[in-house]
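Just so we're clear, the structure is a prediction, and the values are computed from it rather than from any experiment. Chain letters run A, B, ... following the sequence lines, proteins first, then strands; residues in each count from 1.
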Number of protein chains: 2
Amino acid sequence: MDGSVALDPVDLRILSLLQNDARTTYRDLAAEVGVAPSTCLDRVTRLRRSGVILGHELRLDPGKLGRGLEALLLVQVRPHRRELIGPFVERIRALPESRALFHLTGPDDYLVHVAVTGTSDLQRLVLDEFTAQREVARVETRLIFQQWECGPLLPPRTGAPSGSGQVRTQT
Amino acid sequence: MDGSVALDPVDLRILSLLQNDARTTYRDLAAEVGVAPSTCLDRVTRLRRSGVILGHELRLDPGKLGRGLEALLLVQVRPHRRELIGPFVERIRALPESRALFHLTGPDDYLVHVAVTGTSDLQRLVLDEFTAQREVARVETRLIFQQWECGPLLPPRTGAPSGSGQVRTQT
DNA sequence: AATGAAATGATTGGTTT
DNA sequence: AAACCAATCATTTCATT
């Protein structure tokens with residue numbers, strides 16, 4: 001039972017609305033889904049406690065912060081052993097240019113999403129923070145032309161819904 | 001002057017705090033940065049209007065929503081022409097599995113971040129929504145072992161700060 | 001940019017279904 | 001057990017300095 005959460009249509013509706021605007025008031029939420037504001041609070045509190053809602057984030061425009069160029073770096077870390085990749089991950093996460101980091105299957109071990117001021121800043125980053133490190137065997141740089149958020153994130157459509165209107169999901 | 005924003009230390013402090021928790025109250029914000037709550041409201045309103053703050057987002061746990069497997073798909077779209085890539089982008093953005101989409105330089109035209117229920121769901125997605133499409137020349141699938149958010153996103157350190165304490169940034 | 005008052009929203013406890 | 005209502009409390013917002 002640890003990682004499983006039951007979500008009814010009200011929960012899903014609330015999540016969907018909050019994904020559009022996380023600051024929607026409980027009053028507005030209540031009006032949209034047709035329950036009382038206090039019930040909405042209840043639901044959201046439960047969703048936070050159950051770990052479905054991880055947090056409330058501010059989305060910023062990197063360009064407006066002077067980081068007008070973004071890129072994805074595909075990185076091979078060799079040898080790929082815990083005592084090397086642990087410090088590597090922590091070092092990359094601490095860089096002010098890093099936005100996100102993925103540990104992957106496939107020929108490239110990591111993908112790093114970075115935001116920089118321009119190409120010279122990117123060159124500096126690659127040379128000083130990546131290829132200069134002994135454990136970094138290879139870096140491939142892909143510039144980002146454009147990016148889109150998708151969503152909202154919803155549970156998968158279940159082929160055969162059970163008798164109740166509930167969707168049971170599992171970690 | 002269009003895309004440029006001036007940020008003083010108070011703005012930076014506020015942004016940093018809100019990136020930790022976007023629901024921090026103006027009262028708490030004020031206490032931390034040492035100005036009045038109304039001033040914080042002023043600052044945040046200006047930051048939203050100037051486009052530095054794009055929005056307030058809810059961060060959800062895909063695993064808790066029944067999407068316990070995530071992957072990055074590297075996709076070639078050929079021929080790479082506007083009349084093909086426009087519909088492709090819209091189609092991918094509309095998939096419930098899509099979390100983010102990037103248009104890139106390099107051998108792969110697009111990178112798609114997806115969240116699925118498991119490997120069979122991923123196989124279905126790749127076969128039915130990607131390789132089945134005429135314009136998709138190639139798909140490479142990389143599973144995500146683990147991922148990290150980095151941050152907070154801050155303006156680049158300026159080598160030689162001007163007389164004032166302000167950081168002028170540009171899009 | 002601060003103050004303080006007015007408006008709005010969040011939260012709680014008791015009650016009902 | 002979950003939802004509602006109404007009262008309380010906190011926060012946001014605005015006019016003013």
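- In this structure, the OH atom of B:Tyr26 is 13 Å from the C1' atom of C:dT8, given to the nearest Å.
- Straight-line distance from the CG atom of A:Asp11 to the C1' atom of D:dA3: 13 Å, rounded to whole Å.
- Here the side chain of A:Glu70 pairs no donor or acceptor atom with the backbone of A:His113 at under 3.5 angstrom.
- An OP1 or OP2 oxygen of C:dA10 is reached within less than 4.0 angstrom by no side-chain nitrogen or oxygen of B:Arg27.
- A salt bridge links A:Arg142 with A:Glu140: the distance from a Lys NZ or Arg NE/NH1/NH2 to an Asp or Glu carboxylate oxygen falls below 4.0 Å.
- Note on A:Arg43: only backbone sugar-phosphate atoms sit closer than 4.0 angstrom, heavy atoms only; bases stay farther off.
- Separating the CZ atom of B:Arg48 from the C1' atom of D:dT13 is a distance of 15 Å, rounded to the nearest angstrom.
- Atom pair A:Asp8:CG and D:dA3:C1' shows a separation of 12 Å (rounding to whole Å applied).
- As rounded to whole Å, 12 Å separates atom C1' of D:dA3 from atom CD1 of A:Ile14.
- Look at CG on A:Leu41: it is 9 Å from C1' on C:dT12, rounded to the nearest Å.
- Residue B:Ser38 is classed as a base contact, given a heavy-atom separation below 4.0 Å to a base.
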Check against side chain to side chain contact (heavy atoms under 4.5 Å, CB included), A:Asp109 and A:Phe88: CA-CA 11 Å; A:Asp109 303 309; A:Phe88 170 80; over 6 Å; no

Worked check of side chain to side chain contact (heavy atoms under 4.5 Å, CB included) between B:Leu111 and A:Ile144: CA-CA 10 Å; B:Leu111 182 138; A:Ile144 297 172; over 6 Å; no

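- To the nearest angstrom, C1' of C:dA10 lies 15 Å from CZ of A:Arg23.
- Distances shown here put a side-chain N or O of B:Thr39 below 4.0 Å from the OP1 or OP2 atom of C:dA2.
- Nearer the 5' end of DNA chain C, as judged by each residue's closest nucleotide, is the contact made by A:Asp28, out of A:Asp42 and A:Asp28.
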